[in-house]
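Structure record follows, encoded as structure tokens.
Atom set for the values below is all heavy atoms of this structure, side chains included, hydrogens, waters and symmetry mates excluded.
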Amino acid sequence: QVQLVESGGGLVQPGDSLRLSCAASGRTITVDTGWFRQAPGKEREFVATISWSGGTTLYADSVKGRFTISRDNAKNTVYLQMNTLKPEDTAVYYCAADEVPSDKLDYVTRWSAEYDYWGQGTQVTVSS
């Protein structure tokens with residue numbers, strides 16, 4: 001089993017930055033890791049994902065150029081640097097891990113159904 005814990009959320013003003021962290025613990029496995037978000041009354045949506053190798057990333061169009069996903073496998077942690085935040089970025093942000101075999105270390109997916117493990121979420125509120 002793998003446990004994921006998100007941190008770093010909070011209340012910020014438009015234009016500010018935040019860095020979310022997703023720390024993994026438990027069984028050692030190779031995973032691509034994604035960030036998703038869900039705003040009140042809306043469906044959960046894909047934000048960004050990064051391969052185990054770190055060599056492949058994928059972003060939603062709504063965050064491209066503003067958000068950067070990265071990982072430190074030595075620390076079992078994935079980060080989401082969020083810059084130039086907008087009110088429409090307000091949501092609960094979840095990280096998720098998709099277990100991949102050793103020959104797919106560059107694999108990424110934007111589809112939530114492929115993710116095996118989920119964190120509990122961290123709230124991000126962007127408001128003036």
Side-chain angles (χ1 to χ4, degrees):
Q1 192 73 334
V2 173
Q3 292 79 42
L4 303 174
V5 178
E6 303 96 334
S7 61
L11 171 63
V12 296
Q13 295 187 338
D16 284 353
S17 298
L18 274 178
R19 188 176 79 157
L20 304 184
S21 299
C22 173
S25 62
R27 192 164 60 96
T28 300
I29 57 174
T30 50
V31 295
D32 58 296
T33 306
W35 285 96
F36 294 78
R37 67 186 182 187
Q38 187 166 21
K42 293 188 175 182
E43 297 284 318
R44 183 171 56 191
E45 65 174 358
F46 166 77
V47 176
T49 185
I50 186 168
S51 62
W52 172 258
S53 69
T56 305
T57 57
L58 189 63
Y59 296 91
D61 289 343
S62 58
V63 306
K64 203 172 294 183
R66 299 188 298 123
F67 290 11
T68 302
I69 191 170
S70 61
R71 71 186 306 145
D72 184 342
N73 289 341
K75 295 182 178 180
N76 294 322
T77 302
V78 172
Y79 306 96
L80 184 68
Q81 177 67 42
M82 307 187 294
N83 297 330
T84 319
L85 283 161
K86 304 175 181 180
E88 50 264 44
D89 294 319
T90 296
V92 177
Y93 283 71
Y94 300 90
C95 73
D98 164 40
E99 186 170 5
V100 296
S102 58
D103 61 342
K104 289 192 175 181
L105 300 185
D106 287 322
Y107 179 79
V108 292
T109 179
R110 67 189 302 136
W111 306 115
S112 60
E114 293 193 37
Y115 286 84
D116 306 296
Y117 305 99
W118 291 81
Q120 82 291 346
T122 185
Q123 176 71 46
V124 172
T125 303
V126 185
S127 175
S128 55

Quick one: pull up [atom1] in [X] and [atom2] in [Y] and give me the separation to the nearest 0.5 Å.
X: Q38; Y: E43; atom1: CD; atom2: CD; value: 7.0 Å
X: K104; Y: T56; atom1: NZ; atom2: OG1; value: 13.0 Å
X: Y93; Y: S7; atom1: OH; atom2: OG; value: 15.0 Å
X: R71; Y: I50; atom1: CZ; atom2: CD1; value: 6.0 Å
X: T109; Y: E114; atom1: OG1; atom2: CD; value: 3.5 Å
X: D16; Y: S128; atom1: CG; atom2: OG; value: 10.5 Å

Flag side-chain contact, heavy atom, 4.5 Å: [X] against [Y]:
X: L85; Y: Q13; result: no
X: T49; Y: Y115; result: yes
X: L4; Y: Y94; result: no
X: V31; Y: V2; result: no
X: Q1; Y: R27; result: no
X: R37; Y: S62; result: yes
X: I69; Y: V78; result: yes

**OP:** Mind running side chain to side chain contact (heavy atoms under 4.5 Å, CB included) on V92 and T122 for me, showing each step along the way?
**Re:** CA-CA 5 Å; V92 177; T122 185; over 6 Å; no
Please answer: with hydrophobic residues joined when any side-chain heavy atoms are less than 4.5 Å apart, are [X] and [Y] in the same cluster?
X: L105; Y: L58; result: no
X: L18; Y: V47; result: yes
X: V126; Y: V63; result: yes

Quick check: closest heavy atoms across [X] and [Y], and the distance to 0.1 Å?
X: W118; Y: S112; answer: CZ2-O, 3.6 Å
X: L20; Y: G9; answer: CD2-N, 3.6 Å
X: Q3; Y: G26; answer: OE1-CA, 3.7 Å
X: S17; Y: Q81; answer: CB-NE2, 3.9 Å
X: Y59; Y: F46; answer: C-CE2, 3.7 Å
X: A91; Y: A39; answer: CB-N, 3.8 Å

**OP:** Step by step, work out the side chain to side chain contact (heavy atoms under 4.5 Å, CB included) result for Q123 and L11.
**Re:** CA-CA 8 Å; Q123 176 71 46; L11 171 63; over 6 Å; no
**OP:** Take W35 and E6, measure what side chain to side chain contact (heavy atoms under 4.5 Å, CB included) needs, and give me the verdict at the end.
**Re:** CA-CA 10 Å; W35 285 96; E6 303 96 334; 3.8 Å; yes
Original post:
Is the closest side-chain donor-acceptor distance between D106 and S53 under 3.5 Å?
Top reply: yes
Original post:
Are D32 and S51 linked by a side-chain donor-acceptor pair shorter than 3.5 Å?
Top reply: no
Subject >> D89 with K86: basic N within carboxylate O range, under 4.0 Å >> reply: no
